[in-house]
Q: 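Next up is a structure, given as structure tokens.
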Amino acid sequence: SGQNTGWYDLEVYNQNTAQWVQKNNAFEVLQPPLPAINSISPNNGNQGQTLSVSISGANMNYGSQWSGTISSFRFSQWSGSNMFYGNSTSTSGNNLYGNVSIPSGQNTGWYDLEVYDQNSSNWIILNNAFEVLLAQIPITITPDTGWSGQTLQVFISGNSPSEFQQYSNTPNLYLGT
């Protein structure tokens, strides 16, 4: 570790001749491979949703869950001015596992995934890795069945009146023939 990169000569002492034998450019020290994040699965989630995620990398040192040094991960948008964090739970080889709770008011769109590498002490970034989607709005209609040609009075409900406001002026539903 810390050895300069480049070609090195090899010198070996020959006991029989009592001389040094040299081979020029016998061995090359290479730059270590750079850490990288390859993917996250799943790669999207809804506002307000909690997900279990798997992050795949290469040449990453995620630390150890047993020593309390497990790497953190986070999602950033707009050069880091808008972020939220995941919670790392375990590692296995080139994979980091964890949970992420997407805040209900989190901006929609694509986020960079940033994972902390213990060897380099840097955040390793995978651009546009995760998409936050608009929350799915639960709407219920009662009754939810009828016969063709029947006119029904229906009740539409959701988490808040604004979610179904466009339907509030249409309490009767006609099921065409």
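Below, each value reflects all heavy atoms present in this structure, side chains not excepted, and no hydrogens, waters or symmetry copies.
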Q: Any idea which heavy atoms bring Asp117 and Pro35 closest together, and the distance?
A: OD2-CG, 3.7 Å
Q: Can Leu113 and Phe75 be said to form a side chain to side chain contact (heavy atoms under 4.5 Å, CB included), step by step?
A: CA-CA 5 Å; Leu113 170 63; Phe75 302 89; 3.8 Å; yes
Q: Tell me which pairs pass side chain to side chain donor-acceptor pair (under 3.5 Å) where either residue lies in residues 102-111, with sequence neighbours left out.
A: Gln77-Tyr111, Asn82-Gln106, Asn82-Tyr111, Gln106-Tyr111
Q: Which value, rounded to the nearest 0.5 Å, describes the distance between Tyr97 atom OH and Ser90 atom OG?
A: 7.0 Å
Q: How would you list, by chain and number, every residue that makes a side-chain hydrogen bond (donor to acceptor under 3.5 Å, both in side chains) with Asn24, sequence neighbours excluded?
A: Gln22
Q: Can you give each donor-acceptor pair under 3.5 Å made by side-chain atoms of residues 50-62, sequence neighbours left out, with the distance rounded to 0.1 Å?
A:
from, atom 1, to, atom 2, distance (Å)
Thr50, OG1, Ser101, OG, 3.0
Ser52, OG, Asn99, OD1, 3.1
Asn59, ND2, Leu34, O, 3.3
Asn61, OD1, Gly63, N, 2.8
Asn61, ND2, Asn119, OD1, 2.8
Tyr62, OH, Gly57, N, 3.3
Tyr62, OH, Asn94, O, 3.0

Q: Grab the two heavy atoms, one from Glu114 and one from Ser76, that are nearest each other, plus how far apart they are.
A: OE2-OG, 2.6 Å
Q: Is there a path of hydrophobic side-chain contacts, each under 4.5 Å between heavy atoms of I/L/V/M/F/W/Y residues, joining Val115 to Val100?
A: yes
Q: For Ser88, what residues pass the side-chain hydrogen bond (donor to acceptor under 3.5 Å, both in side chains) criterion, not counting sequence neighbours?
A: none
Q: Does Leu96 offer a backbone N or O that forms a donor-acceptor pair with the side chain of Thr91 under 3.5 Å?
A: no
Q: When the side chains of residues 121-133 are checked against the rest of the protein, which donor-acceptor pairs come out under 3.5 Å, sequence neighbours left out?
A:
from, atom 1, to, atom 2, distance (Å)
Asn122, ND2, Ser120, O, 3.3

Q: Tell me, please, which residues at least two apart from Gln118 pass side-chain hydrogen bond (donor to acceptor under 3.5 Å, both in side chains).
A: Ser71
